[in-house]
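Down below is the structure, laid out as structure tokens.
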2 protein chains.
Amino acid sequence: MPSDTDGLSIGQVAERTGLSVHTLRFYEREGLLTRPVRRAAGGRRVYAEQDVEWLRVCVILRASGMPLPAIREYARLSAEGPGNESGRLELLRRHRETVNAQLELLGRSLDLIEFKVRVYEDILDHGHGCALPAEPPRQESPAPAG
Amino acid sequence: MPSDTDGLSIGQVAERTGLSVHTLRFYEREGLLTRPVRRAAGGRRVYAEQDVEWLRVCVILRASGMPLPAIREYARLSAEGPGNESGRLELLRRHRETVNAQLELLGRSLDLIEFKVRVYEDILDHGHGCALPAEPPRQESPAPAG
DNA sequence: CCTTGACCTGGAGCCGGCTCCAACCCCTGG
DNA sequence: CCAGGGGTTGGAGCCGGCTCCAGGTCAAGG
């Protein structure tokens, strides 16, 4: 266990990032890291705190649906060092827009789901009362199918 | 084209739902429909407006990440008719929670992304000024990796 | 009559993102 | 000395959700 001078084993990084060791090696193969991982005697990977930070960013980008190739590109730019900030900015802005679109879509889906939840709650509470609690979820018909 | 008395071809349903004809047949095989699709001479599918409404619900459930097996279950309950509303309600409530969790996660991811966008904007505008625009995105360190 | 186009079927293929396997290495403690 | 635990590798497998293919049927129009 290379704990001296903040070197971390793959298992420790897995714990800290929530990724599996499989996934960590996979990400490395996929070129998602900003720099080659150091190796200890016997070829074991030795990560630095820096790597963990980067991986945490990766986790968040993944969680927000950024595909691996895009993360790879971002990693590549980051690895290149200063000078390409506009490229990184563009990439992030694009991703921000897809996240906003996701949020919008998810929000509208939630409207429908909540509408239906209310419908069923009413059916169960009031015998099966009040014919449709008016409130077509944002644009589009309530589509009371199902 | 069976346009009389509101019968729709698979192609028309594809247009109206945004799903491909492939996907429509696939969903049918997967048991996502609430009732068997009627067939015209030659075995061609004939959909009713009702089916389109249900499929639009499916699209929204998919868009919000409900897996096919869950939709199948919901379809099964809906097909059974009245009497199982509590089952449907439970299913929808569970899904609502996963959607809320997604929204939460996505929102937090967005915080990080916007933070980084701001960082790069500042670098590009002000030469590369103001050392880190303070504002750790909700809990957790800003992790300025990358 | 023949083409065109929309439809049918069963089954195969693809893509993204992991996830696991076999076989091996190495360090540590008992 | 030897067992166990945690590494290493290349490559295979899996899962969800489509997506497509080959080969066929049918109806309408030129």
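Any value given below was found using the heavy atoms of this structure, including those in side chains, with hydrogens, waters and symmetry copies removed. Chain naming here is simple, since letters A, B, ... match the order of the sequence lines and numbering starts at 1 in each.
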(request) To the nearest Å, give me how far apart CZ (A:Arg29) and C1' (C:dG16) are. (result) 14 Å
(request) Ignoring the backbone of A:Ser9, work out which of D:dG7, D:dT19, C:dC7 is nearest its side chain. (result) D:dG7
(request) May I ask you to evaluate whether A:Arg44 reaches the phosphate of D:dG5, defined as a side-chain N or O under 4.0 Å from OP1 or OP2? (result) no
(request) Take the protein atom CG of B:Leu61 and the nucleotide atom P of D:dG16, then report the distance between them rounded to whole Å. (result) 18 Å
(request) Evaluate the ring planes of A:Tyr74 and B:Tyr120, with Trp represented by its six-membered ring, and classify them as parallel (under 30°), tilted (30 to 60°) or perpendicular (over 60°). (result) perpendicular
(request) Mind calculating the distance between CZ (B:Arg38) and C1' (C:dC7) to the nearest angstrom? (result) 16 Å
(message) Please pick, from D:dG17, C:dC20, C:dG17, the nucleotide with the shortest atom-to-atom distance to any side-chain atom of B:Phe26.
(response) D:dG17
(request) Examine the side chains of A:Arg88 and A:Asn84 and answer whether a donor and an acceptor come within less than 3.5 Å of each other. (result) yes
(request) Would you mind reading off the distance between A:Glu28 atom CD and C:dG17 atom P, rounded to a whole angstrom? (result) 18 Å
(message) Starting the side chain at C-beta, find the nucleotide from D:dG17, D:dC20, C:dG17 nearest to B:His22.
(response) D:dC20
(request) Specify the residue among A:Pro67 and B:Tyr47 whose closest nucleotide of DNA chain C lies further upstream toward the 5′ end. (result) B:Tyr47
(request) Check whether any side-chain N or O of B:Gln102 sits under 3.5 Å from a backbone N or O of B:Ser64 as a donor-acceptor pair, and report yes or no. (result) yes
(request) Remember a base hit wins even if backbone is also touched, and classify A:Arg62 as base, sugar-phosphate or nothing at under 4.0 Å, heavy atoms. (result) sugar-phosphate
(request) Please report, rounded to the nearest Å, how far the C1' atom of C:dG17 is from the CG atom of A:Leu32. (result) 11 Å
(message) From C-beta outward on B:Thr23, which listed nucleotide comes closest to its side chain: D:dG17, D:dT9, D:dT19?
(response) D:dT19
(message) For D:dT9 and A:Arg45 - does any side-chain N or O of the residue sit under 4.0 Å from the phosphate oxygens OP1/OP2?
(response) yes
(request) Among C:dC7, D:dT8, D:dG17, find the nucleotide with the atom closest to the side chain of B:Pro69. (result) D:dG17
(message) Can you work out whether B:Gly42 or B:Gly65 has the more 5'-proximal nearest nucleotide on DNA chain D?
(response) B:Gly65
(request) Would you mind reading off the distance between A:Leu24 atom CG and C:dT19 atom P, rounded to a whole angstrom? (result) 12 Å
(message) For a quick test of reading the model, state the closest non-hydrogen atom pair linking A:Arg16 to A:Arg56 and the distance between them.
(response) O-NH1, 2.6 Å
(request) Specify the separation, in whole Å, of atom CD of B:Gln12 and atom P of C:dG5. (result) 18 Å
(message) From CD1 of B:Ile10 over to C1' of C:dC8, roughly how many Å is that when rounded to an integer?
(response) 9 Å
(message) On the nucleotide D:dT9, are OP1 or OP2 found under 4.0 Å from the side-chain N or O atoms that A:Arg25 carries?
(response) no
(message) For a quick test of reading the model: is some side-chain N or O of A:Tyr27 closer than 4.0 Å to OP1 or OP2 of C:dG17?
(response) no
(message) Tell me whether the side-chain N/O atoms of B:Arg39 come closer than 4.0 Å to OP1 or OP2 in C:dT9.
(response) yes
(message) Please determine whether residues A:Leu124 and A:Ile113 belong to a single hydrophobic cluster, defined as Ile, Leu, Val, Met, Phe, Trp and Tyr linked transitively by side-chain heavy-atom distances below 4.5 Å.
(response) yes
(message) Any salt bridge linking A:Glu97 with A:Arg94? Criterion: basic side-chain nitrogen under 4.0 Å from a carboxylate oxygen.
(response) no
